[in-house]
2 protein chains.
Amino acid sequence: MSSDAAEVISIGQYIVRRLEEQGVQSIFGVPGSFLAQFCDDVESSNIKWVGECNELNAAYAADGYARYRRGLGVVATTVGVGELSAINGIAGSFAEELPVLHIVGQQKTADQEAGLNVIHTLGDGRYSALPYTCSQLLLSKVDIALGNADARIDKVIVDCISKSRPAYIALPWDLVDVEITTKRLTTKLTARDIPIDPDAEQAAIDHIYRRFDDAFSGELDNNVVVIADVSVSRHHCKDEAADFLAATNLPVYGTPLGKTVVNETSERYGGVYIGKLSSAEVKQKVETAKLVLFLGPLTTDFNSGNFSTNVKQERSIKLHFDHTDVGFATYSHTGMKVLLPKLAERLQVFKDKASQLDVPKFENKKVKDTDALIKHSWLWWRLAAWFEEKDLIVTEAGTVSYGVVDLALPKDSSLLAQKLWASIGWSMGGTHGATRARRELEGDGTQTILFIGDGSLQMTVQEISSMIRSDIKPIIFVLVNGGYTIERLQHSVDAEYHNIVTWHYGDLLKVLSRDQVPTQTYRVTKESELGNLLDVEKIRDKGIMQLVEIVVGRDDAPPALLRALGLDQPKGGEKGSNKVALRARHGWIGW
Amino acid sequence: MSSDAAEVISIGQYIVRRLEEQGVQSIFGVPGSFLAQFCDDVESSNIKWVGECNELNAAYAADGYARYRRGLGVVATTVGVGELSAINGIAGSFAEELPVLHIVGQQKTADQEAGLNVIHTLGDGRYSALPYTCSQLLLSKVDIALGNADARIDKVIVDCISKSRPAYIALPWDLVDVEITTKRLTTKLTARDIPIDPDAEQAAIDHIYRRFDDAFSGELDNNVVVIADVSVSRHHCKDEAADFLAATNLPVYGTPLGKTVVNETSERYGGVYIGKLSSAEVKQKVETAKLVLFLGPLTTDFNSGNFSTNVKQERSIKLHFDHTDVGFATYSHTGMKVLLPKLAERLQVFKDKASQLDVPKFENKKVKDTDALIKHSWLWWRLAAWFEEKDLIVTEAGTVSYGVVDLALPKDSSLLAQKLWASIGWSMGGTHGATRARRELEGDGTQTILFIGDGSLQMTVQEISSMIRSDIKPIIFVLVNGGYTIERLQHSVDAEYHNIVTWHYGDLLKVLSRDQVPTQTYRVTKESELGNLLDVEKIRDKGIMQLVEIVVGRDDAPPALLRALGLDQPKGGEKGSNKVALRARHGWIGW
């Protein structure tokens with residue numbers, strides 16, 4: 001076929017071809033009433049249909065999939081009931097900038113035109129929901145008649161991957177098998193480049209160079225530090241950031257959301273900067289630096305110590321994916337992906353000086369296993385010693401998300417968390433999707449580790465079944481404390497409404513399994529019991545799905561959360577009765 | 001306190017007082033980050049906070065609660081993640097006209113004003129989602145400053161109960177404890193009356209009388225029939241309809257959605273009219289009647305045999321909650337609740353003639369228990385013989401919803417189903433909410449029976465835990481067939497995407513229970529095994545939550561569903577390969 005030859009192909013197959021082209025190998029979904037035609041196209045393609053127990057979990061899985069592979073994830077549902085069940089997941093992908101395409105099987109065209117009260121309608125003529133997406137197509141016969149269905153489908157996919165936000169295609173089921181004639185498949189879809197103006201870029205580089213030159217002109221003491229944040233990984237600049245740091249040898253710090261963006265075991269890595277919640281040493285280094293270079297910064301409550309970042313704008317340089325701030329000057333039409341290599345070359349003249357700058361030693365605390373009950377103040381350090389290179393660590397949004405903040409995570413490990421949208425329950429689907437994506441990209445042989453609280457687990461527990469079906473074998477650590485601890489610590493600690501029912505988790509995997517799939521569940525309350533699982537039983541080597549119940553105190557929490565809530569000091573500073581009640585009970589320090 | 005004395009009360013307490021006044025005794029919810037202040041108000045009131053595992057289940061439970069009590073149901077969630085997880089439930093309540101109030105705990109005012117990226121925001125300054133509601137209040141400091149917070153709260157509640165649609169109140173958490181001065185609590189909130197014009201009403205009555213007079217003027221043969229439909233119960237007219245039928249003795253038929261609206265064991269009740277899917281006898285009676293009086297009709301695909309109702313408009317009279325159609329004439333400002341008693345009086349002159357009109361005998365088929373494997377063609381008749389008066393029967397939207405269509409259900413039994421919105425998984429929360437409402441209204445001592453397929457159960461399985469926590473003890477019949485059978489029967493019967501994992505349901509209740517709460521699970525495959533549970537083991541008398549796995553054939557379905565899909569005839573009429581494949585396999589009739 002010549003390169004401009006026309007091809008005859010059905011709408012459904014056209015979409016599937018475009019998804020295959022984007023490297024999509026899994027579509028997560030639930031096959032509702034109007035989706036079957038599209039499901040047929042998936043089933044006859046190279047893409048695997050991943051059936052989920054419900055649509056919210058499917059959306060979370062597509063989020064995790066897009067998050068890990070830094071590319072398109074796809075969720076497919078029926079209209080109305082299905083898409084609305086998924087919408088919280090889609091909104092989360094919107095908030096956290098992930099390219100998730102939501103494909104919706106709709107009522108047939110004629111029913112929509114007649115405004116009939118068919119199932120999954122609101123009874124008032126409304127058929128579809130589509131907020132929280134950056135681009136939409138409600139496919140209609142008009143698109144087909146005008147011969148632009150292919151172009152409109154392409155636009156939505158390109159928008160999705162270019163803007164890195166969810167997008168939406170609704171397919172009336174009677175149009176899925178309609179054939180179109182298209183020449184477009186001869187050209188692969190790619191994300192639109194960020195517009196770069198070479199003159200603007202050169203001006204930005206010159207400006208940054210002058211600032212570095214000024215900063216390094218005096219004596220060598222805390223002249224320049226780098227803070228590597230989450231947008232580096234969201235916009236696929238981890239390699240560029242690593243090369244820049246290697247070329248300049250600058251001191252570098254992380255952020256809570258930016259964990260694992262740079263190598264945390266490097267000698268030039270000094271720990272996490274979180275405004276007022278930082279360690280005293282990190283706080284001093286960052287806040288007294290003459291110049292702070294932010295790579296891909298994102299300001300959220302969790303990521304900034306509740307908006308307490310204390311770096312004056314005049315002392316800061318911020319590289320974003322589509323613009324650059326140098327002090328008070330903004331350079332549009334510049335972006336960190338192309339800028340970072342050029343900066344590395346221009347700024348490497350400062351490498352010798354930068355290499356002499358002190359970086360606080362950032363090491364994991366060593367702890368021993370005793371027969372004491374497990375406390376958060378011990379738990380996370382113990383786990384840090386057990387993590388390995390290339391581990392994929394997923395943390396739920398609640399209490400556990402604070403557990404890893406203080407840890408140096410292994411080289412080439414990945415940490416995934418949904419912390420702006422912060423929808424508890426996300427991590428179950430997120431783990432499923434991310435682990436599938438990793439298997440597709442890198443094969444088996446690495447370990448996925450999920451940390452989740454019992455309240456979060458109960459939100460989306462059926463996802464365990466979907467993971468087993470996908471032959472995904474994470475080790476799931478469930479922190480069992482009978483309720484929503486992060487809420488307790490903030491308000492009315494003893495209120496009944498914070499409580500959940502403590503399930504009998506021991507049989508949970510068995511109930512949710514297919515026949516014959518081996519799983520194992522453990523329950524630990526003492527340090528020595530967990531230590532035994534990690535080092536003697538070596539659960540990492542078992543190669544099956546495992547769930548570890550870690551029973552902890554109802555009001556205990558990781559040190560970083562206690563700091564965030566002002567509960568880390570033995571006394572003083574109480575504003576509300578909740579803190580007074582908590583302190584009276586535990587004394588906190590080493591409770 | 002004099003009747004016009006002002007009261008000082010916090011916003012949160014004001015809302016709780018208004019809800020108590022509406023008879024609300026349970027609020028279903030999940031206590032997210034910004035809801036704790038309002039939860040405190042609930043916890044210190046006479047209303048019970050019913051903690052749910054996730055927000056979708058909470059919304060479903062509030063729907064079931066409103067549905068059973070025919071009054072306000074309340075769901076409370078946090079903003080963003082919580083409200084969007086609930087939104088499919090809210091949309092269902094909208095589609096099915098239920099007064100569910102959604103209370104959302106929001107970020108504090110100052111954070112919203114500053115547009116901060118706090119958790120549960122979209123990162124673009126958007127804070128709230130509120131479609132699918134008939135009335136909204138985003139409470140702000142301005143409302144408090146203007147002194148009209150109380151009036152605005154009242155308006156939303158009155159809209160909710162008057163329009164019988166969901167409504168929405170968002171409460172920035174810093175405003176919940178703000179005190180207001182109000183005189184409004186001295187007046188109870190009530191639904192706005194439907195506007196009635198006495199002259200229009202009289203004209204409608206005269207017109208209807210003339211039509212009856214004409215219809216009864218010839219020989220007595222199928223002169224007038226009544227079809228009682230679901231809006232009778234939605235608009236609280238069951239008593240008026242019963243009185244009308246007693247006064248006139250007219251033949252009456254039901255509809256799939258209108259089941260249990262009138263007494264199905266009455267000699268004047270002839271079965272269900274579903275257009276082309278009706279039994280031959282019912283079809284003949286309705287479609288050849290000189291006059292058909294529809295009480296509260298609602299046209300949906302499920303309710304009308306896919307829009308095959310065959311009654312000419314000129315031969316029909318339709319009583320709606322807010323207008324009346326007589327042939328081609330519409331009378332606005334009339335409504336069935338006040339019209340029915342007047343019509344009963346005016347039309348009782350036809351009672352003698354009406355009493356002589358034949359009604360087909362509508363009885364449940366008698367079946368015996370053999371050692372055969374259970375088929376749908378046996379199952380529902382067997383269950384019909386076991387149902388008792390006052391049973392509350394809940395059916396999920398999928399395959400099982402068709403099981404009860406052909407049955408005569410006992411007097412004073414209630415059947416709840418969500419069949420327009422048709423969101424599978426609804427029935428779990430629906431059962432919880434409806435049973436709580438019934439306990440509040442009528443005390444214990446009646447039985448709730450839930451029918452659900454395995455695919456639907458997996459959607460919302462954690463609701464079992466919430467029911468146990470609420471001390472709700474339904475008998476849950478789970479139809480186990482390994483997937484979405486209603487979808488299989490419609491398209492690509494053997495496709496992999498219709499499959500789910502068959503869980504080990506035997507241990508499910510145990511996993512989801514509190515300690516010490518007794519439950520029991522059974523698994524049956526043969527008729528005799530189920531018969532034994534019903535009549536020998538007498539599971540109805542055990543007074544604990546029980547789950548009965550009924551294993552059925554993968555492609556088997558209730559007769560009414562086979563009819564609806566045109567699969568009830570042994571051959572002929574196939575349009576698609578799916579039907580051919582199904583027939584080739586089973587021959588269907590008595591497979």
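As a basis for the values below, the full set of heavy atoms in this structure was taken, side chains included, without hydrogen atoms, waters or symmetry mates. Labels below follow one simple rule: chain letters A, B, ... track the order of the sequence lines, proteins then strands, and each chain is numbered from 1. Bear in mind the structure is a predicted one, so any value in this text is a computation, not a measurement.
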Greatest number of heavy atom pairs closer than 4.5 Å to chain A - which of K510(B), H498(B), E97(B): K510(B)
Side chain, backbone, both or neither of E496(A) within contact of chain B (heavy atoms, under 4.5 Å): both
Toward chain A, the part of Q418(B) with a non-hydrogen atom under 4.5 Å: neither
I87(B) side, atom CD1; I87(A) side, atom CD1 - distance, nearest 0.5 Å: 6.0 Å
Check: H504(A) and D507(B) side chains under 4.5 Å, non-hydrogen atoms: no
Heavy-atom contact with chain A under 4.5 Å, split by part of L512(B): both
Beyond-backbone contact of Y497(A) with I27(B), side-chain heavy atoms, under 4.5 angstrom: no
Option in G89(B), S465(B), G51(B) with maximal non-hydrogen atom pairs under 4.5 Å from chain A: S465(B)
Closest non-hydrogen atom pair, Q458(B) against C53(A): OE1-SG, 3.5 Å
Interatomic distance, I424(A) atom CD1 to E55(B) atom CD [nearest 0.5 angstrom]: 7.0 Å
Test side-chain contact (heavy atoms from CB on, under 4.5 Å) applied to L84(A) and Y132(B), step by step: CA-CA 11 Å; L84(A) 288 181; Y132(B) 318 119; 3.7 Å; yes
Heavy-atom check, side chain of V501(A) versus side chain of I468(B), under 4.5 Å: no
Per-residue contact mode, N499(B) against chain A (heavy atom under 4.5 angstrom): both
Contact summary for I500(B) and R469(A), nearest pair of heavy atoms: CA-NH1, 3.9 Å
Closest contact, heavy atoms only, G80(A) versus N88(B): O-OD1, 4.4 Å
Contact origin within Y484(B) toward chain A - heavy atom pairs under 4.5 Å: side chain
Closest non-hydrogen atom pair, W503(A) against V511(B): CB-O, 3.1 Å
Toward chain A, the part of T502(B) with a non-hydrogen atom under 4.5 Å: backbone
K163(A) atom NZ: more than 12 heavy-atom contacts under 6.0 Å: yes
Beyond-backbone contact of M459(A) with V30(B), side-chain heavy atoms, under 4.5 angstrom: yes
Which atoms of T460(A) approach chain B - backbone, side chain, both or neither, heavy atom under 4.5 Å: backbone
Heavy-atom pair with the smallest gap, counting every atom of A36(B) and H491(A): CB-CD2, 3.4 Å
Which portion of L508(A) sits near chain B, non-hydrogen atoms under 4.5 angstrom: both
